[in-house]
Protein chains: 4
Amino acid sequence: MASKPGNDKELRILRAAISVFARHGYHGSSISTIAEEAGIATGTIYLYFRKKEELIIALFQRFLGDYIREAKEEVLAVHGAPARLGKLIERHLRFFEADHEVAAVFQIHLREVNPQIRDGILPVLLDYFDLIDTILIEGKEAGEIAPDIDVRLARKLIFGGLDEIVTSWVLSRHKYELMSMRDGFHQMITRAVGARWSGFRARASGGD
Amino acid sequence: MASKPGNDKELRILRAAISVFARHGYHGSSISTIAEEAGIATGTIYLYFRKKEELIIALFQRFLGDYIREAKEEVLAVHGAPARLGKLIERHLRFFEADHEVAAVFQIHLREVNPQIRDGILPVLLDYFDLIDTILIEGKEAGEIAPDIDVRLARKLIFGGLDEIVTSWVLSRHKYELMSMRDGFHQMITRAVGARWSGFRARASGGD
Amino acid sequence: MASKPGNDKELRILRAAISVFARHGYHGSSISTIAEEAGIATGTIYLYFRKKEELIIALFQRFLGDYIREAKEEVLAVHGAPARLGKLIERHLRFFEADHEVAAVFQIHLREVNPQIRDGILPVLLDYFDLIDTILIEGKEAGEIAPDIDVRLARKLIFGGLDEIVTSWVLSRHKYELMSMRDGFHQMITRAVGARWSGFRARASGGD
Amino acid sequence: MASKPGNDKELRILRAAISVFARHGYHGSSISTIAEEAGIATGTIYLYFRKKEELIIALFQRFLGDYIREAKEEVLAVHGAPARLGKLIERHLRFFEADHEVAAVFQIHLREVNPQIRDGILPVLLDYFDLIDTILIEGKEAGEIAPDIDVRLARKLIFGGLDEIVTSWVLSRHKYELMSMRDGFHQMITRAVGARWSGFRARASGGD
DNA sequence: TATGAATGAGCCTTCATTCAT
DNA sequence: GATGAATGAAGGCTCATTCAT
């Protein structure tokens, strides 16, 4: 119930890894450097992670996993596909804008990755994809999204677009506020999927 | 007389690099392996590329550069933003579908790179971004694209969406035809940017 | 408790380096060979020396540095320039005669070095030059050395002569006893610098 | 009778080698770089020298050999050991002062050398040692040099002293005129070997 | 748990040398 | 003789991983 010292050290290692990866990239960072950054001995890392690859997987599960769980809860609490999409976009951009190191690591440095790592990462991402898919599917059912929309394709547009926006922002060295992209992007996405506010549409059409 | 032996060998090396990178990734591939794949001695590679990094940069410039030049010509030959976007999407998907190894390398394996490599790659990508921007800008001037569209943001949506589609397809191990995404994606993009066929708009504006 | 294992291993590496350099020269010796000679793994050398170049510099500082400190103390404990020169010559020859491998390395194998190495070595040598200069300067002040002697030039004669003697001896494969050169060389040097025993001079000046 | 083109090219290669060695050292210079400097193809060097090592040997034989032959003739044309020593010293210093690149190469860059090279170089040096020995032996016979002088030891003092003077001058980046060392050095050497001008002594002593 | 010295496989890169033209 | 592309062995150095303490 109190803080587990093991978990604490594990987190310290992960934070150190984020910081070192952000500066030198995954392949340019050594376990020793991460240990030094975490203020522990090199060997200690291996008490928490069996291989360097497991560090990345844990990074994804811990940082992205937490974000995705929160995002899912918050997004699904809202009603209506357009609002949900807006909330998703806002959370996505806010997550990365909140921590430049995390943004650099996930957008730039952990992209080339061997199959083993990918297998560890994929479930986390699939959760996120599921969330987007859910928004779209329920939106279609509610008539808020055009019926001819291919959900998986639309999800790729949404995720790919967000991903590209964040990546550009990182590469620009955060020259502008990431959040300033929110409304424009939301508008494009809602148009793309033919989204209509169901309440509004109901009132506007005067019937249904 | 016609064949330049130097160019021939350079191309052989690049093809071998693509093939080896596709299987083992950039950091997992050694120069010796690439040389072996190309059927030459290790040192020979250094007669054509001064560092391993230059190999990737050359890969981008050669393969993507050629594609982008062709795409630009072909896309701009078409008239009207919606048609141009359609052509762009078609060419993009066709390019990657044509060569699974090239797709794997560009979508998966060359994503984490050090700043030096990125500096060599960026100009090629910027050319592509320019092409998309041109379509959008000229489309706005022609009234084919909604005037409130932020060109750079829309470009990120288009590029990011395409990129994600290709990446998913590669990770799915080409389970479906990439080209089958074309029409659905084109439709979403045209909606997203509020694209109208100028001919249609002419009629519409005449009647409304 | 008393033995520092780190220092011990560092010394083992240096001894191994001396031995390997003596046989194959600096450029002809690989780090792996030195490690093998020291009975350790290749990478271990890099825990003690960051580059191959640092190995040589450490060699100089450790072996010559120690010798020079001892020589300085012992030489300056003696009084009178002629006796001091005698002591210097004796120590110099004794030092190299004591260890044929050290002699070979310093006289033959570490002569062509790049500027970086030279910068690391120079301070050690300058200490030695200082010692000789001190003998000469104090000798001049005491009237034991001819006043028209250029100290730096005389030092070059002394050091150059000693150096050549040792080099010849090494190249002759130690065919004769190095120490047998001592008296003849001492005599020539004292003549060269017009050295007079101050006691003698006292008598001489009293009578002449 | 006319210039042999083969010899001409051989000399061009040797000059190029001197120049490149002076800048990058022996081990830092590649055959290709020397070829480039000489304005010929890499392979061409191998038509004149079978191995890189032979280049050095030829360098010694050509440059030092020529100098030594001239020095021998000129020195022995003079009479009296003191004058001969003076001439030797003058020629030695003048030779190196005349060409900074040659000086750098012979004093600094060709010092660490494997046994094969040394075997090729030694004969050239032995010729020089012979010249010095001849001066001393004939000087002893003429009563111009102290009879207790060990000729080989004195030769080492002379050669070693000169060598050190030139090396210091090269390392100082030619901050002073090498020739300015001549008289001081000559004086010390004549004192060291107890040299007396036989003519002067004859006159001074009033007899023969 | 924690340490950090030690390991040794592996990789990029250089370059003397060869040889087909 | 001349060329210069090609060779491939060799070496410095890094770093993930282990293990005795």
Side-chain angles (χ1 to χ4, degrees), chain A residues 5-6 9-10 13 26-36 38-55, chain B residues 4-6 8-10 13 27-36 38-55, chain C residues 4-6 8-10 13 24 27-36 38-55, chain D residues 4-6 9-10 13 26-36 38-55:
Chain A
K9 194 159 288 182
E10 187 178 317
I13 293 170
Y26 174 65
H27 288 100
S29 303
S30 71
I31 293 286
S32 307
T33 307
I34 294 169
E36 196 181 10
I40 59 175
T42 304
T44 306
I45 289 190
Y46 285 85
L47 300 176
Y48 296 88
F49 307 96
R50 296 202 317 197
K51 310 182 82 210
K52 195 184 179 189
E53 292 165 356
E54 285 196 5
L55 242 180
Chain B
K4 294 182 202 168
D8 175 50
K9 192 157 291 180
E10 187 179 317
I13 294 170
H27 288 101
S29 303
S30 73
I31 292 286
S32 312
T33 308
I34 295 170
E36 198 179 8
I40 58 176
T42 303
T44 306
I45 289 189
Y46 288 86
L47 298 178
Y48 296 88
F49 306 96
R50 295 203 309 206
K51 312 180 75 201
K52 195 185 177 189
E53 292 171 355
E54 284 198 6
L55 242 180
Chain C
K4 295 181 201 171
D8 175 51
K9 194 158 290 180
E10 186 179 320
I13 294 170
H24 305 109
H27 287 99
S29 303
S30 74
I31 292 286
S32 313
T33 307
I34 295 170
E36 197 179 8
I40 57 175
T42 304
T44 306
I45 289 190
Y46 288 88
L47 297 179
Y48 296 88
F49 307 95
R50 297 203 307 208
K51 312 181 75 200
K52 194 185 179 191
E53 292 170 357
E54 283 197 7
L55 242 181
Chain D
K4 297 180 200 169
K9 192 160 288 184
E10 186 179 317
I13 295 170
Y26 173 65
H27 288 99
S29 303
S30 71
I31 292 286
S32 307
T33 308
I34 295 170
E36 195 181 11
I40 58 176
T42 303
T44 306
I45 289 189
Y46 285 84
L47 299 176
Y48 296 88
F49 307 96
R50 299 203 313 198
K51 312 182 81 212
K52 195 184 179 190
E53 293 166 355
E54 285 196 6
L55 242 179

Using whole Å, what does the distance between atom [atom2] of nucleotide [N] and atom [atom1] of [X] come to?
| X | N | atom1 | atom2 | result |
| --- | --- | --- | --- | --- |
| D:Ile45 | E:dC19 | CD1 | P | 18 Å |
| C:Ile40 | E:dA5 | CD1 | P | 14 Å |
| D:Glu54 | E:dA16 | CD | P | 14 Å |
| C:Ile13 | F:dC13 | CD1 | P | 14 Å |
| A:Glu10 | E:dA2 | CD | C1' | 16 Å |
| A:Glu36 | F:dA16 | CD | P | 14 Å |
| C:Ile34 | F:dG11 | CD1 | P | 11 Å |

What nucleotide, of [options], holds the atom closest to the side chain of [X]?
| X | options | value |
| --- | --- | --- |
| C:Tyr48 | E:dA6, F:dT3, E:dA2 | E:dA6 |
| B:Thr44 | E:dA6, F:dT7, E:dG8 | F:dT7 |
| B:Leu47 | F:dA5, E:dT7, F:dT3 | F:dA5 |

* **Closest contact, heavy atoms only, B:Thr42 versus B:Ala35** => CA-CB, 3.7 Å

* Nearest heavy-atom pair of D:Lys52 and D:His27: which atoms, and what distance? -> NZ-CA, 4.4 Å

* **Any C:Tyr48 side-chain heavy atom under 4.5 Å of C:Glu54 side chain** => no

Return the [atom1] to [atom2] distance between [X] and [Y], rounded to the nearest 0.5 Å.
| X | Y | atom1 | atom2 | answer |
| --- | --- | --- | --- | --- |
| B:Leu47 | B:Ile13 | CG | CD1 | 8.0 Å |
| A:Thr44 | A:Glu10 | OG1 | CD | 13.5 Å |
| B:Ile34 | B:Ile40 | CD1 | CD1 | 9.5 Å |

Can you tabulate the close N/O pairs, meaning under 3.5 Å, that link protein atoms to atoms of nucleotides 10-14 of chain E?
unit_1	atom_1	unit_2	atom_2	d
E:dC12	OP1	B:Ser29	O	3.4
E:dC12	OP1	B:Lys52	NZ	2.8
E:dC12	OP2	B:Ile31	N	2.8
E:dT13	OP2	B:Tyr46	OH	3.0
E:dT13	OP2	B:Lys52	N	3.0

* When the C1' atoms of the five terminal pairs at each end define the local axes, what inter-axis angle does the helix from E:dA2-F:dT21 to E:dT21-F:dA2 show, to 10 degrees? -> 10°

* To do: Would you tell me if any nitrogen or oxygen in the side chain of B:Lys9 comes within less than 4.0 Å of OP1 or OP2 on F:dA6?
  => yes

